[in-house]
Amino acid sequence: MRFIHIADVHLGYHQYGLDARFDDFGQAFRWAIEWAVREGVDAILIAGDLFEKSTVPPQAYLQAATTLGRARDARVPVVAITGNHDRARYLDQISWLDVLAEEGYLTLLQPALTKDAGGADGRVPTLTLWDGHRGGYIDLGELRVIGVPWGAAGPWWPRLVEAIRSLPRRRHTVLLAHTGLEGEMGNRRGGLSYAQLVPLRDCVDYVALGHFHKPFERDGWIFNPGSLEHCAMGEHNWKKGIYDVVLDGEGFTARHVASSPRPFFRESLRVDEYRTPAALLEAVQALAHERAGRWSADGRAPVVELALEGTLAFDRTALDLIALQDALRGAGDLLRASIATDGLALRGMEVADAERLPRDVLERDVLCELALNDARYAARADDWVETMLAIKDLALRGATPEAIVETLGERMATMEEAKDHGD
């Protein structure tokens with residue numbers, strides 16, 4: 001038995017507002033599915049976040065349907081779960097993953113919630129066999145796949161563990177879960193601990209995670225492939241790809257197969273020695289000229305960010321970021337050039353020498369801390385972080401105030417509905 005394990009595809013992500021990046025995410029997914037079909041695998045498992053957001057653009061749905069259609073035509077079953085990005089909005093009631101499932105492109109696993117006074121919120125999760133429309137697990141020959149979508153790693157987890165352990169044994173069992181694992185991304189929150197997974201060690205052979213975009217393995221048992229593409233500049237030096245898993249009577253072997261994301265480069269430049277804006281501009285031009293060969297080696301136009309660090313020797317208002325971006329572009333065909341200034345300090349103030357987190361990771365962590373420290377938002381901290389980042393993204397794209405208010409209202413309604421149901 002052989003399957004591939006994919007996660008965090010993020011179809012429909014119009015990163016930086018660029019059509020080329022929208023296409024990149026679609027092409028990465030097509031590569032993964034075509035690789036699986038060509039290799040003759042027995043199943044394709046998608047551990048959440050197939051889509052970037054719940055409101056899926058028509059072209060992104062076509063990317064998904066066309067690509068998944070290749071697996072369907074080859075009779076390779078696709079099993080998926082819902083991630084935090086592709087959950088249904090309250091007003092829609094069903095997600096686009098549900099639509100793909102109804103159209104026969106994939107099997108969407110979801111534990112049912114039944115009323116029980118003994119549950120954490122008056123309900124308990126139950127696992128039923130996929131019946132063609134719904135179910136918490138599916139049997140594919142000797143392989144059983146149990147699906148745990150985003151949000152299950154909460155008050156229901158102990159009862160969900162009981163439900164998994166109570167299932168009759170299969171020769172091979174895979175737990176497909178969209179959740180992080182504590183300790184794999186520094187202090188980043190949002191996931192299960194290893195101790196919470198350990199009770200499943202004797203009944204689950206392979207834990208297939210999604211959610212964190214960085215690949216990792218834990219204890220030869222828990223695997224996270226990472227995303228297929230760079231979803232943020234902070235991921236520029238992370239491997240991207242899928243797991244190719246072969247099951248046999250002795251156990252399994254898992255091999256990480258690298259995808260080919262568009263090149264992302266983060267460069268840095270100390271500014272302290274440049275006494276004038278012109279001198280700094282010349283330094284950026286020289287750096288771009290020196291790095292041009294490496295940036296263009298892939299053949300695709302790269303995304304380049306230059307982080308300015310240290311203390312400016314001239315007034316901050318004289319810093320011409322547009323001119324510096326143009327200097328980067330002068331090195332060749334760049335898809336995007338940007339200047340990061342969060343590492344700069346005012347004159348007379350010291351710059352910490354400690355290693356800085358990537359800006360996007362730091363931003364997410366700060367927002368999470370703000371939410372967790374406010375009783376009004378702590379219970380749904382991750383949802384509020386996603387909401388704040390979505391609003392920021394809309395603002396940067398130049399969305400109208402009406403569109404921003406509408407999006408905020410929709411997300412708040414979704415959280416309120418989840419609260420009413422104890423999610």
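What you see below is based on every heavy atom in this structure, not just the backbone, and it leaves out hydrogens, waters and symmetry mates.
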Interatomic spacing from [atom1] in [X] to [atom2] in [Y] - rounded to 0.5 Å:
X      : Y      : atom1 : atom2 : value
Thr179 : Leu192 : OG1   : CG    : 4.0 Å
Lys53  : Asn84  : NZ    : CG    : 14.5 Å
Ile46  : Thr82  : CD1   : OG1   : 11.0 Å
Asp320 : Asp326 : CG    : CG    : 8.0 Å
Thr253 : Asp244 : OG1   : CG    : 7.5 Å
Leu68  : Tyr105 : CG    : OH    : 8.0 Å

Taking C-beta and beyond as the side chain, do [X] and [Y] meet within less than 4.5 Å on heavy atoms?
X      : Y      : result
Leu175 : Leu197 : yes
Val174 : Val79  : no
Arg411 : Glu386 : yes
Phe29  : Leu50  : yes
Val304 : Arg329 : no
Asp202 : Arg165 : yes
Pro263 : Asp298 : yes

Smallest separation among heavy atoms of Glu182 and Ser193, with atom names: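 It is OE1-CB, 3.6 Å.
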State whether the side chain of [X] and the backbone N or O of [Y] hold a donor-acceptor pair below 3.5 Å, judged by distance alone.
X      : Y      : result
Asp131 : His133 : yes
Asn224 : Lys214 : yes
Ser166 : Ala163 : yes
Thr341 : Leu344 : no

Candidates Ile81, Leu160, Leu209 - the one meeting side-chain contact (heavy atoms from CB on, under 4.5 Å) with Val148: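 Going through Ile81, Leu160, Leu209 one by one, the side-chain contact (heavy atoms from CB on, under 4.5 Å) with Val148 is satisfied by Leu160 alone.
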Identify which one of Ser260, Pro215, Ser259, Cys231 satisfies the side-chain contact (heavy atoms from CB on, under 4.5 Å) criterion when paired with Lys240.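 Answer after filtering Ser260, Pro215, Ser259, Cys231: Ser259.
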CZ of Arg170: more than 12 outside heavy atoms within 6.0 angstrom?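 Above 12, so yes.
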Does a sphere of radius 6.0 Å around CZ in Arg169 hold more than 12 heavy atoms from other residues, nucleotides or ligands, not counting ones at 6.0 Å or beyond?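 Yes, CZ of Arg169 has more than 12 neighbouring heavy atoms, counting only those of other groups under 6.0 Å.
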Checking side-chain polar atoms at under 3.5 Å, does [X] have a donor or acceptor matched by the opposite partner on [Y]?
X      : Y      : value
Tyr194 : Asp219 : yes
Trp295 : Glu267 : yes
His213 : Glu235 : yes
His211 : Asp8   : no

Taking the six-membered ring for Trp, are Trp96 and Tyr61 closer than 6.0 Å centroid to centroid?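 Judged by ring-centre distance (under 6.0 Å), Trp96 and Tyr61 do meet the cut-off.
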Does the ring center of Phe25 lie less than 6.0 Å from the ring center of His10?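 Phe25 vs His10: aromatic centres not under 6.0 Å.
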So, applying ring-ring contact (aromatic ring centres under 6.0 Å, His included) with Phe252, which one of Phe3, Phe223, Trp221 is it?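 Exactly one candidate clears the test, Phe223.
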So which of His256, Glu217, His5 actually passes side-chain hydrogen bond (donor to acceptor under 3.5 Å, both in side chains) with Tyr243?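 That would be Glu217.
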Check against salt bridge (charged side-chain N to carboxylate O under 4.0 Å, His left out), Arg30 and Asp23: CA-CA 10 Å; Arg30 184 164 60 249; Asp23 293 339; over 6 Å; no
For the pair Arg2 and Glu39, find out whether any cationic side-chain nitrogen is under 4.0 Å from an anionic carboxylate oxygen.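 Result for this pair is yes, salt bridge flagged.
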